[in-house]
Amino acid sequence: MPRRVLRFLRRGRVISLSGFAPTTTILDWLRLDERSTGTKEGCAEGDCGACTVVVARLRDGQLVHEPVNACIALLGSLDGAELITVEDLAEGDTLHPVQEAMVQHHGAQCGFCTPGIVMSLFALHHAHDGEMDRSRVENALAGNLCRCTGYKPIIAAALESCARPAEDRFARTASERIAALAAMNDGRPLLVGDDNRFFAAPTTCDGLADLLLRHPDAQLVAGATDVGLWITKGLRRFDQMITLQRVTDLALIETNEDEICMGAAVSLADAASILGQFDDDLEIMLDRFGSQQIRSAGTVGGNIGNGSPIGDLAPCLIALGATLELRRGEAIRSLPLEDFFLAYRKQDRAPGEFITRIIVPRPGPQDLIRITKISKRRDEDISSMLMALRLTVDEGRIAMARLAFGGMAGIPCRAPAAEGVLKGQLLADAALWRRTAAALAEDLQPLSDLRASADYRMQVAQNSVIKALAEMAGIPSHLTRIVPRRETRHV
Ligand SMILES: Cc1cc2nc3c(=O)[nH]c(=O)nc-3n(C[C@H](O)[C@H](O)[C@H](O)COP(=O)(O)OP(=O)(O)OC[C@H]3O[C@@H](n4cnc5c(N)ncnc54)[C@H](O)[C@@H]3O)c2cc1C
Ligand code: FES
Ligand code: FES
């Protein structure tokens, strides 16, 4: 029998909710129900970070503190977790070390962004593992926009307050918090509502498969970093929502000598820690994927399931030769990832079916990888174009080529004509690089939109291919990039 009550930890107490609209966001609950108005709403689409809260969870028995955009995260996603907001940090009149450093360094002017910035830094404070430098701080703040103070004092406050392991009230009470979270984890599925209108959180793949078969029209949701915007910006209302958040089998990463299998509900942050080991370019791309808030909530399966032509993971995984595994009821099938995308926003997925795993072959010693993401801003920006290329090179000759693009068609796609030009050729032949780039005109029909014109997209795709091939042929990356690549590593 499912549990009918949503339960989460807040200020040392268990909050139990037996009735809420399936699309309620954490921010709405905080501001409208609990009346905790310290957490602000700015953009309501995951971009500005004013709404950042911290969600603490148990992962393999360890307490992790993740920054989350409360404006798009669903209230139901809190089941079994602890919600921490800016009101909770100070102890009486004594500010939290992060808040105190913000005051000392003059890190706020109008103050609208400040609660979100403080919460991102609070998460960083608790992520301390002995190393803190400017690039980590910048990474932690990439999802927090400040329009008036400027980042210099905020970064100074972060470097000061996050330099040591946390000794705050949350660290001092960690064992009690762990015990309280563990006590809530009953392993039972959650279903709040009735058959017509519900928020459900199954805990096993079998339970999810069964529920989706019975409710094939229910809206499946994982991190809600796409779905949340359909609610806040598209004003869509879903009567039946099923979250993957508690399906533990879908959050597993399994590795062997040949491949890596990522469950669909693996977060982008966890995927980054494993895929980033394949190659420097993959690590850089995943570092630039949204923000810390987006990467801790968003999932691999959500990025693929959304089917966006500008999703960043799909072209990278297609170039790596990934296979997608889907399940409907008891039936499980696999297909090459590129075959999943049929047409603009149309995927090869039947009602009641869901993605279970993504299987990625490990690149071998003869494989070379290059990825280029072009966007207007470095961080927290959607791609205008993404190119991913993997070559297998045997004694200077290209034995295999997989070239994939995002932003260049209605779906993430391969470039078969350009791949055909490359196969069997000598990589060092500079004329080959230009012939390959020219062949893209056969493969790709980009559109013009607000992000980029079709001509720009084509030109930047062609230039990216030439640059990638030149680097792969041995041109040092300090000649092709502002920040040179690190050595290639295949783990
Ligand atoms: C501020 C911001 C920045 C972003 N930056 C980037 C970026 O840099 N690059 C990029 O590619 N994207 C970006 N995104 C988009 C989004 O974060 C990603 O697409 C993310 O991976 C979605 O994952 P999710 O778990 O949140 O998906 P959800 O929003 O939960 O779901 C998205 C879709 O996938 C479906 N789905 C989820 N899981 C499954 C499954 N197992 N089987 C079948 N269908 C499933 C859902 O039904 C839904 O249709 C950004 C979004 C925001 C708000
Ligand atoms: S309000 Fe801007 S990210 Fe949530
Ligand atoms: S202090 Fe005004 S937006 Fe940051």
Side-chain angles (χ1 to χ4, degrees), residues 25-27 39-53 68-74 77 102 106-114 116-117 142-151 153-154 205 208 212 218-233 238 241-245 247 250 263-268 271 285-291 293-295 297-316 324-327 340 345 347 349 353-358 373 375 377 379-383 386 406-407 412:
T25 61
I26 296 178
L27 186 65
T39 308
K40 306 299 178 206
E41 181 175 69
C43 63
E45 57 182 53
D47 266 315
C48 75
C51 65
T52 305
V53 296
V68 167
N69 293 126
C71 64
I72 50 173
L74 297 178
S77 71
M102 284 285 280
H106 306 285
Q109 286 191 30
C110 80
F112 197 81
C113 69
T114 310
I117 286 186
N144 292 87
L145 293 185
C146 176
R147 291 288 183 215
C148 52
T149 302
Y151 286 88
I154 299 172
C205 223
L208 170 64
L212 258 184
Q219 180 59 47
L220 197 59
V221 62
T225 61
D226 284 314
V227 171
L229 273 69
W230 306 347
I231 296 167
T232 59
K233 295 287 151 162
F238 301 103
M241 298 205 81
I242 303 176
T243 180
L244 304 182
Q245 203 110 29
V247 185
L250 292 186
V266 165
S267 72
L268 295 161
M285 189 286 288
L286 284 159
D287 230 33
R288 293 178 54 203
F289 193 119
S291 59
Q293 289 92 324
I294 295 296
R295 293 191 295 273
T299 62
V300 174
N303 197 233
I304 292 166
N306 191 36
S308 163
I310 47 173
D312 284 335
L313 266 189
C316 301
L324 198 64
E325 186 186 272
L326 295 124
R327 173 169 174 179
F340 180 63
R345 297 277 184 189
Q347 295 97 44
R349 182 162 86 88
E353 199 170 37
F354 59 98
I355 302 165
T356 46
R357 298 192 303 164
I358 298 97
K373 170 171 172 164
S375 55
R377 286 191 308 246
D379 292 306
E380 178 103 289
D381 204 1
I382 303 288
S383 297
L386 187 141

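Ligands are counted one by one from 1 in listed order, and the atoms in each one are counted from 1 as well. Just so we're clear, the structure is a prediction, and the values are computed from it rather than from any experiment. Because only heavy atoms are used, hydrogens play no part in the values below, and waters and symmetry mates are left out as well, while side chains stay in.
Within the 4.5 Å cutoff, the side chain of Thr25 has no heavy atoms near those of the Ile72 side chain. The side-chain heavy atoms of Cys148 and Phe112, taken from C-beta on, include no pair separated by under 4.5 Å. Residues Thr299 and Leu244 fail the side-chain proximity criterion, which asks for heavy atoms closer than 4.5 Å. Proximity of Thr39 to Ile26: side-chain heavy atoms (C-beta onward) are nowhere separated by under 4.5 Å. Taking the side chain as every heavy atom from C-beta outward, Thr225 and Leu268 never approach each other to under 4.5 Å. For the pair Asn306 and Arg345, the minimum side-chain heavy-atom distance is below 4.5 Å. In this structure, Thr52 and Asn69 have side chains that are in contact, with non-hydrogen atoms separated by less than 4.5 Å. Side chains of Met241 and Val227 form a contact here, defined as non-hydrogen atoms less than 4.5 Å apart.
In the vicinity of Asp381, heavy-atom distances shorter than 4.0 Å reach the ligand 1 atoms 8 (O). Near Leu268, meaning under 4.0 Å from any of its heavy atoms, are these atoms of ligand 1: 21 (O). Each of the following atoms of ligand 1 lies closer than 4.0 Å to a heavy atom of Asp312: 7 (C), 8 (O), 9 (N), 10 (C), 11 (O). Interface of Asn69 with ligand 2, defined as ligand atoms under 4.0 Å from a residue heavy atom, comprises 3 (S). Of all atoms in ligand 3, listed by their number and element, those nearer than 4.0 Å to a heavy atom of Arg147 are 3 (S), 4 (Fe). Those atoms of ligand 1 that come under 4.0 Å of a heavy atom in Ala224, given as number and element, are 24 (P), 26 (O), 28 (P), 29 (O), 30 (O). Every atom of ligand 1 is numbered from 1 in the order shown, and the set under 4.0 Å from a heavy atom of Val221 is 30 (O). Interface of Glu380 with ligand 1, defined as ligand atoms under 4.0 Å from a residue heavy atom, comprises 1 (C), 3 (C). Under a 4.0 Å criterion applied to the non-hydrogen atoms of Ala44, ligand 2 contributes the atoms 1 (S), 2 (Fe). Below 4.0 Å from some heavy atom of Asp47 lie the following atoms of ligand 2, by number and element: 3 (S). Each of the atoms 11 (O) of ligand 1 lies under 4.0 Å from some heavy atom of Gly311. Below 4.0 Å from some heavy atom of Gln219 lie the following atoms of ligand 1, by number and element: 46 (C), 47 (O), 48 (C), 49 (O). Of all atoms in ligand 3, numbered sequentially from 1 with element shown, those under 4.0 Å from a heavy atom of Gln109 are 1 (S). Contact atoms of ligand 2 toward Cys48: 1 (S), 2 (Fe), 3 (S) (distance under 4.0 Å to a heavy atom of the residue). Below 4.0 Å from some heavy atom of Thr149 lie the following atoms of ligand 3, by number and element: 1 (S). Close contacts between ligand 3 and Gly111 involve ligand atoms 1 (S), 2 (Fe) [criterion: under 4.0 Å to a heavy atom]. Ligand-side atoms of ligand 2 in range of Cys43: 1 (S), 2 (Fe), 3 (S), range being under 4.0 angstrom from any heavy atom. For ligand 2 and Gly46, the ligand atoms under 4.0 Å from any heavy atom of the residue are 3 (S). For ligand 3, the atoms sitting less than 4.0 Å from at least one non-hydrogen atom of Cys110 are 1 (S), 2 (Fe), 3 (S), numbered in the order shown with element in parentheses.
Heavy-atom separations between Ile304 and ligand 1 are all 4.0 Å or longer. At a 4.0 Å cut-off, at least one heavy atom of Arg349 sits close enough to ligand 1 to count as contact. Contact analysis puts Lys373 in contact with ligand 1, with a non-hydrogen atom separation below 4.0 angstrom.
Of the listed options Leu212, Leu244, Leu250, Leu244 places a heavy atom closest to atom 38 (N) of ligand 1. Nearest-residue assignment for atom 49 (O) of ligand 1 (options Phe289, Trp230, Phe340, Phe354; heavy-atom criterion): Trp230.
Taking every heavy atom of both residues into account, Leu145 and Asp47 meet most closely at CG-O, 4.1 Å. Contact between Lys233 and Cys43 at its shortest, heavy atoms only, is NZ-O, 2.7 Å. Residue Val247 comes nearest to Cys205 through the heavy atom pair CG1-N, 3.6 Å, listed as atom of the first residue, atom of the second, then distance. Contact record, Pro412 with Pro315: CB-CD, 4.2 Å, taken as the closest heavy-atom pair. Heavy-atom minimum distance, Gly46 versus Glu380: O-OE2, 3.7 Å. Smallest separation of non-hydrogen atoms from Arg349 and Phe340: CB-CE1, 4.0 Å.
Atom 3 (S) of ligand 2 has its closest protein heavy atom at Gly49 N, 3.1 Å. Ranking protein heavy atoms by distance to atom 52 (C) of ligand 1, first place goes to Ile294 CD1, 3.5 Å. Regarding atom 1 (S) of ligand 2, its nearest protein heavy-atom neighbour is Gly42 N, 3.1 Å. For atom 30 (O) of ligand 1, the closest non-hydrogen atom on the protein side is Ala222 N, 2.7 Å. Here the heavy atom of the protein found nearest to atom 1 (C) of ligand 1 is Gly46 O, 3.1 Å. Ranking the protein heavy atoms by distance from atom 15 (C) of ligand 1 puts Asp226 OD1, 3.3 Å first. Nearest non-hydrogen protein atom to atom 31 (O) of ligand 1 is Val227 CG2, 3.5 Å. Remark: minimum distance from atom 25 (O) of ligand 1 to any protein heavy atom is reached at Thr299 OG1, 2.6 Å. Remark: minimum distance from atom 51 (C) of ligand 1 to any protein heavy atom is reached at Thr225 O, 3.7 Å. Shortest contact from atom 42 (N) of ligand 1 to any protein heavy atom: Ile355 N, 2.8 Å.
Rounded to 10 degrees, the SG-metal-SG angle spanning Cys51 and Cys71 at atom 4 (Fe) of ligand 2 equals 100°.
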>> Please evaluate residues Leu220 and Leu208 with respect to the criterion side-chain contact (heavy atoms from CB on, under 4.5 Å), reporting the C-alpha separation (whole Å), side-chain torsions for both, the decisive distance (0.1 Å), and the verdict.
In response: CA-CA 10 Å; Leu220 197 59; Leu208 170 64; 4.0 Å; yes

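Contacts with ligand 1 closer than 4.0 Å are made by backbone heavy atoms (N, CA, C, O) of Glu45 only, the side chain lying farther away. Contact annotation for Leu27 and ligand 2: no heavy atom of the residue comes within less than 4.0 Å of the ligand. Contacts between Ala264 and ligand 1 below 4.0 angstrom, taking non-hydrogen atoms only, involve the side chain exclusively. If you look at Leu229 next to ligand 1, the close heavy atoms, those under 4.0 Å, all belong to the side chain.
To the nearest 0.5 Å, atom CG of residue Asn144 and atom CD1 of residue Ile154 are 8.5 Å apart.
Side chain of Asn303 to main chain of Leu313: a donor-acceptor pair is present (N/O by atom type, distance under 3.5 Å, no hydrogens or angles). Judged by distance alone, with hydrogens and angles left aside, the side-chain atoms of Ser383 form no donor-acceptor pair with the main-chain N or O of Lys373 at under 3.5 Å. No donor-acceptor distance shorter than 3.5 angstrom exists from the side chain of Thr232 to the backbone of Glu45, with no hydrogens or angles considered.
Among the backbone and side-chain atoms of Cys113, an N/O/S atom is found under 2.8 Å from atom 4 (Fe) of ligand 3. When distances to atom 4 (Fe) of ligand 3 are checked against a cut-off of 2.8 Å, Cys146 contributes an N, O or S atom below that limit.
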